[in-house]
Amino acid sequence: MKMIIKLAWLNIWRNPVRTGVVMAAVVIGIWALVFLLGFFNGMVDSYINATIESRTSHLQIHHPEFVEDPEVIFYLDPAELFREKLHADNRVKTTAERLVLQGLLSSASGSRGVMVKGVKPEQEKEISALDRKLAEGEYLDVDRRNPILVSKGMGRRLGVSLNQHLVLSFQNVDGEFASGRFRVVGWYDTGNTQEDDMMAFARYDDLLALSLMEESAFHEMAVILHDIKDVPAFQSEFSEVFDDARIRSYTEISPDMVLYNEQIKTMLSIVIIVVMIALLFGIINTMLMAVLERQRELGMLLAIGMNQRKIFSMITLESIIMCVIAAPIGVLIGYGTIGFLGKAGIDLRTWSDGLEQFGIGTLIYPNLGWATYVEIVFALVITAIVAGIYPSIKAISLKPVEAIRKL
Amino acid sequence: MSEIVIKTAGLYKIYNENTIPVYALRDVSVEIEKGAFVAVVGPSGSGKTTLLNIVGGLDQPTRGSVTVDDRELAGMSENELINFRRDHIGFVFQAFNLIPVLTARENAEFVMLLQGIPDPERTERVDSLLEAVGIADKAENKPSELSGGQQQRVAVARALAPKPAFILADEPTANLDTKSAYNLLDMMEKLNKEEHITFVFSTHDPRVMERARRIITLEDGAVVSDVVK
């Protein structure tokens, strides 16, 4: 075996340029794969993080019926009790309670249905960074009566500009019509324009007064944990603690997140297969050329007693050795690229409009788990073996008496 | 009576038997004894190389039998034949056919590695063979760094390494200049006389014919004369 390995090793360096080209193809292929996988992982993470921050948090607590029918009457209270119990657990990082009202925003030029969230400005800074999502204007902690944040798109449709007034009307807890005059203090922009155009943010206290709810009532309590991995365990534990409320995780609130993740994974598997097929044919082509060039020599080897199994092993090993040298180089370069860009981020501002439609941020931080590196190397070794098989079969099916005469 | 190492009986090699048959060999029956120094001669296309290929287990006859070292070659599987060739037959080809990436020493010991002969026996034998073929000082050179004559010497050393029953040399001097050809023949003759190694050449080189002690002449695939000098 030692001799076969040595011979295979020496054989691949007979034509250093050709071997170099194949190895460069493997290196570039692996690097491209690592980069692509890392990039798409980064995109998924960006989407998930953006969704968690602006929409779902890690967990949300609602009145059980509110989930199916978001009516103003399905609220929970008192907020202090919930907050106290949640913060007693050291996995909890921060919480925020909100009122959620379905209403109508009207201006002189029209009206639009909207979901208005009544938030506590200080809490919201912590949990959803709402104060940092202002395209223009001021945050809700501004010293003015009834401030409201709407998206620029909503403002355009209603024909209002900053500091102009809108009328919010909705049903209060007594089932009566309630309305209030709100001043647009800022345009908010979470990056997801579709979502933004259906939402508005006002102060908790302002909406509480208009809706005539209990002092510390809330429709929604958002919870952020220190570690996202604790979500499932935390959810099942607290479902028992809050047996009269419904606690849902971010994947339940936004199932499209799971779907998106799955779709990306499927797409990446296809990318891996396509790259491997391309490499497969590249290696087969090279190995086949190497075998055809060496017909006379292979015929001589068969003649002097090198058996078919050894010749098969030698040719297959040549293909494997090339990949075994090139793969770690590709992985290392890929690892370096991911490591660098994982810190620096990839700025996609040029395409930000398109990406924001999908709720993806414009700065992507590629990342890749070690398991994926192992998968790539494993796929490549399989590819190298498969690529070696056909040329090896070609080699052992040579008839020595014919092969020796080949020029 | 001397020991017979090669025996062919009623050998035929016919191409296109079912359409327009071409007879490469017709009813060739020869016996070659141990220690012989035989030249198979004849014009191009007379069947010399075909006979050597069949005797060497590289080709199958259409009819007839070949016995080498008391073993019938017909009926052996491809891998059995490969192993048989490895252990019983040494080949020297016209175009040298060394492994270009290995040194002279590595080429010479290659078949012994295939046989699994361990060190130090292998190294000792390679040293003595390289010495015997007069190439010991070039042991670490690659074939591309050797002259044609030197390469053919390495090929002879490789052929001798597994201690075969005989050596088949297909036009071994065809690509050599006169001096190299005589040197090679001197060396082979010496090995034949001193070590009783059997050599069977195919050739139309008069330099080889004048050294051979037996000349089998083929014409149109048939033996037309078999002369022992």
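Lettering of chains follows the sequences in order, A, B, ..., and the numbering in each one begins at 1.
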- Query: For atom CG of A/Asn49, is the number of surrounding heavy atoms from other residues, nucleotides or ligands below 6.0 Å larger than 12?
  - Reply: yes

- Message: Between A/Trp13 and B/Val101, does the side-chain contact (heavy atoms from CB on, under 4.5 Å) criterion hold? Intermediate values first, please.
- Response: CA-CA 9 Å; A/Trp13 297 112; B/Val101 291; over 6 Å; no

- Message: Taking atom CZ as the centre, does A/Phe312 end up with more than 12 heavy-atom neighbours from other residues, nucleotides or ligands that are less than 6.0 angstrom away?
- Response: yes

- Message: Quick check on A/Glu297 against chain B: is it the side chain, the backbone, both or neither that has a heavy atom closer than 4.5 Å?
- Response: side chain

- Message: With a sphere of 6.0 Å drawn around CD of B/Gln60, does it hold more than 12 non-hydrogen atoms of other residues, nucleotides or ligands?
- Response: no

- Message: Is B/Asn83 in contact with chain A via its backbone, its side chain, both, or neither, using a 4.5 Å heavy-atom distance?
- Response: side chain

- Query: Is chain B contacted by the side chain of A/Met306, its backbone, both, or neither, given a heavy-atom distance below 4.5 Å?
  - Reply: both

- Task: Please determine, among A/Arg294, A/Lys6, A/Lys399, the option with the most heavy-atom pairs under 4.5 Å with chain B.
- Result: A/Lys6

- Message: Does B/Glu72, at its CD atom, have more than 12 non-hydrogen atoms belonging to other residues, nucleotides or ligands within less than 6.0 Å?
- Response: yes

- Query: After noting the C-alpha distance and the side-chain angles of A/Met3 and B/Leu114, does the key distance pass the side-chain contact (heavy atoms from CB on, under 4.5 Å) rule?
  - Reply: CA-CA 9 Å; A/Met3 176 203 43; B/Leu114 293 175; 3.6 Å; yes

- Picking from B/Pro100, B/Gly56, B/Pro162, B/Pro164, which has the most non-hydrogen pairs under 4.5 angstrom with chain A? B/Pro100

- Evaluate the side-chain contact (heavy atoms from CB on, under 4.5 Å) criterion for residues A/Met300 and B/Leu98: first the C-alpha distance (whole Å), next the side-chain angles of each, then the deciding distance (0.1 Å), finally the verdict. CA-CA 8 Å; A/Met300 177 271 290; B/Leu98 297 174; 5.8 Å; no

- Item | Nearest-0.5 Å distance, CD1 of residue A/Ile304 to CD1 of residue B/Ile82 | 11.0 Å

- Query: Does any heavy atom of chain B fall under 4.5 Å from the side chain of A/Lys2, the backbone, both, or neither of them?
  - Reply: neither

- Note on the structure: Honestly, the part of A/Ile4 sitting under 4.5 Å from a heavy atom of chain B is neither

- Query: Looking at B/Glu106, B/Gln115, B/Gln94, which makes the most heavy-atom pairs under 4.5 Å with chain A?
  - Reply: B/Glu106

- In terms of heavy-atom pairs under 4.5 Å, which option from B/Asp87, B/Leu81, B/Leu113 contacts chain A the most? B/Leu113

- Determine whether more than 12 heavy atoms belonging to other residues, nucleotides or ligands lie under 6.0 Å from atom CG of B/Asp70. no

- Can you tell me if OH on A/Tyr390 sees more than 12 non-hydrogen neighbours from other groups inside 6.0 Å? no

- So CD of B/Glu80 and CG of A/Asn307: to nearest 0.5 Å the spacing works out to 12.0 Å

- Message: Please give me the minimum heavy-atom distance between A/Ala303 and B/Leu58, naming the atom from each residue.
- Response: CB-CD2, 3.5 Å

- Message: For B/Ala159, which atoms come within 4.5 Å of any heavy atom of chain A: side chain, backbone, both, or neither?
- Response: neither

